[in-house]
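Only heavy atoms go into these numbers, but all of them, side chains included; no hydrogens, no water, no symmetry mates.
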Amino acid sequence: MTSSPTHAPPPPAPDNGPRLSREEFDSLFDAVRTWGRWTPADRGAWNRVTPAHVQRATALVRSGTTVPMALPWNTTPGPDNGKPALHYMSDLGDVEAPEPSCHKDFIAVDYHGKGVSHLDALSHIAYRGRLYDGHTAREVVDAAGARFGAVSALGPLVTKGVLIDLPAVHGTDWLEPGTAVHAEDVLAAEKALGVTIGEGDAVLLRSGHFRRRAELGAWNPDHASAGFHVDAVPLLAERRISLLGGDGDSDVRPSPVEGLHSPVHALTITAMGVPLLDNLDLEALSTACAREGRYEFLLVVTPLNVPGGTGSPVNPVAVL
């Protein structure tokens, strides 16, 4: 008899407090908001990355080690992949003229979820009915796509990346799902890893999600996942980052904010204009950074050019 895949049950969530009311969250939202700051506004915080930033980032390349971060194209359903990607062959060398024979395939994906590495553009998240920079969501997003904040407005990003590798700091294999990462954790990680988050930087949080998944099986990250508590966001706003990402979706789950399922998404994308990278495989990057003794690198992010798209599947690459 063939055994079925092993899936881990949703783990008990650690304390992810303190809890915040909606009123407290709204005050925080207004405090970190950057509306009206940039032209073009739908590039948001990517406007912080100037040619000088790119030049400084390229100086971080020493060994030439390249590390891709995308998950494999996931066509297998599971508790963390409710909408599997599609991949099938459309030509097996028997459709066109005989020589030379061609092999072609088709791919498609509903990528906003937990199974695909992707970038969230500024049109992805609205709060109180508004997108970044105050645009009314219902006026600029419809069945044809987004007319503001589309991924096609972003273009590529080349900047300094910083890996906040908390399992490496704590000497553990992973953070348990539901663990909240606070501002003091980020500051302690900077000191331990010898990095400083600066203006225009991309910050990647490693929780060890995919190492845990490989060893214990899949679970539904909507129920429990390690990520940032909202009290870490003012520090990231103060440092003027351009991009936030990780091996989860940046939000600790369950959410610590009353009535909001993704408060960090709302603070970063909608208030600050900072796009997010979700579901990155950071295990190889963690190993490479530990081997080279440094946790900063050149980061290249090239989303697909999809007019009206709210994001894009993506394969970010770190170069050390």
Side-chain angles (χ1 to χ4, degrees), residues 3-22 24-25 69-85 109-120 124-127 164-167 170 172-182 185 204-233 244-270 276-283 310-311 313:
S3 60
S4 59
T6 300
H7 298 305
D15 178 13
N16 66 342
R19 302 284 299 173
L20 271 75
S21 68
R22 285 291 291 275
E24 291 171 317
F25 177 83
M69 291 174 252
L71 296 171
W73 196 251
N74 193 344
T75 60
T76 304
D80 55 354
N81 193 26
K83 298 178 180 178
V109 67
D110 188 346
Y111 57 87
H112 285 299
K114 310 301 182 183
V116 178
S117 302
H118 67 269
L119 177 75
D120 291 340
H124 177 49
I125 296 290
Y127 181 59
I164 301 300
D165 194 339
L166 287 184
H170 296 160
T172 60
D173 292 333
W174 56 72
L175 304 183
E176 280 299 322
T179 300
V181 175
H182 301 278
D185 298 312
L204 305 180
L205 173 66
R206 176 178 174 257
S207 69
H209 178 109
F210 289 103
R211 179 166 180 178
R212 187 185 194 279
R213 187 185 190 278
E215 294 191 19
L216 301 183
W219 72 96
N220 188 343
D222 283 331
H223 295 159
S225 60
F228 288 107
H229 190 279
V230 294
D231 65 14
V233 174
L244 185 65
D247 53 10
D249 68 0
S250 294
D251 267 286
V252 65
R253 300 184 188 282
S255 167
V257 180
E258 173 188 326
L260 266 73
H261 60 80
S262 302
V264 170
H265 274 63
L267 291 174
T268 52
I269 295 174
T270 314
L276 295 184
L277 284 172
D278 293 349
N279 313 320
L280 303 181
D281 186 345
L282 298 177
E283 297 307 298
T310 62

[X] side chain vs [Y] backbone, donor-acceptor pair below 3.5 Å:
X: Trp219; Y: Ala224; value: yes
X: Asp281; Y: Glu283; value: yes
X: Asn81; Y: Asn74; value: yes
X: Asp251; Y: Gly227; value: no
X: Asp185; Y: His182; value: yes

Report yes if some heavy atom in the side chain of [X] is under 4.5 Å from a heavy atom in the side chain of [Y]; otherwise report no.
X: Tyr127; Y: Leu260; answer: yes
X: Leu276; Y: Asp249; answer: no
X: Pro221; Y: His209; answer: yes
X: Val233; Y: Phe228; answer: no
X: Leu175; Y: Val181; answer: yes
X: Leu244; Y: Leu277; answer: no
X: Leu280; Y: Phe210; answer: no
X: Leu205; Y: Leu166; answer: yes

Next item on the list: Determine the minimum heavy-atom distance between His229 and Ala180, stating which atoms define it.
Entry: CB-CB, 4.0 Å
Next item on the list: List the atom of Ala85, the atom of Val109, and the distance in Å for their closest heavy-atom pair.
Entry: CB-CG2, 3.8 Å
Note to self: I need the full list of salt bridge (Lys or Arg N to Asp or Glu O under 4.0 Å) pairs touching residues 69-82, with sequence neighbours left out, sorted by first then second residue.
What the structure shows: Asp80-Arg213
To the nearest 0.5 Å, what is the distance between [atom1] ([X]) and [atom2] ([Y])?
X: His265; Y: Ile125; atom1: NE2; atom2: CD1; answer: 5.5 Å
X: Asn16; Y: Glu176; atom1: CG; atom2: CD; answer: 13.5 Å
X: Ile164; Y: Leu282; atom1: CD1; atom2: CG; answer: 11.5 Å

Item checked: Pair Asp120-His112, side-chain hydrogen bond (donor to acceptor under 3.5 Å, both in side chains): steps then yes or no -> CA-CA 8 Å; Asp120 291 340; His112 285 299; 3.2 Å; yes
Item checked: Electrostatic pair Arg206-Asp165, nearest N-O below 4.0 angstrom -> yes
Item checked: Residues Arg212 and Ser207: side-chain donor-acceptor under 3.5 angstrom -> no
Next item on the list: Just do the side chain to side chain contact (heavy atoms under 4.5 Å, CB included) check on His118 and Asn279 with the steps written out, would you?
Entry: CA-CA 7 Å; His118 67 269; Asn279 313 320; 3.5 Å; yes
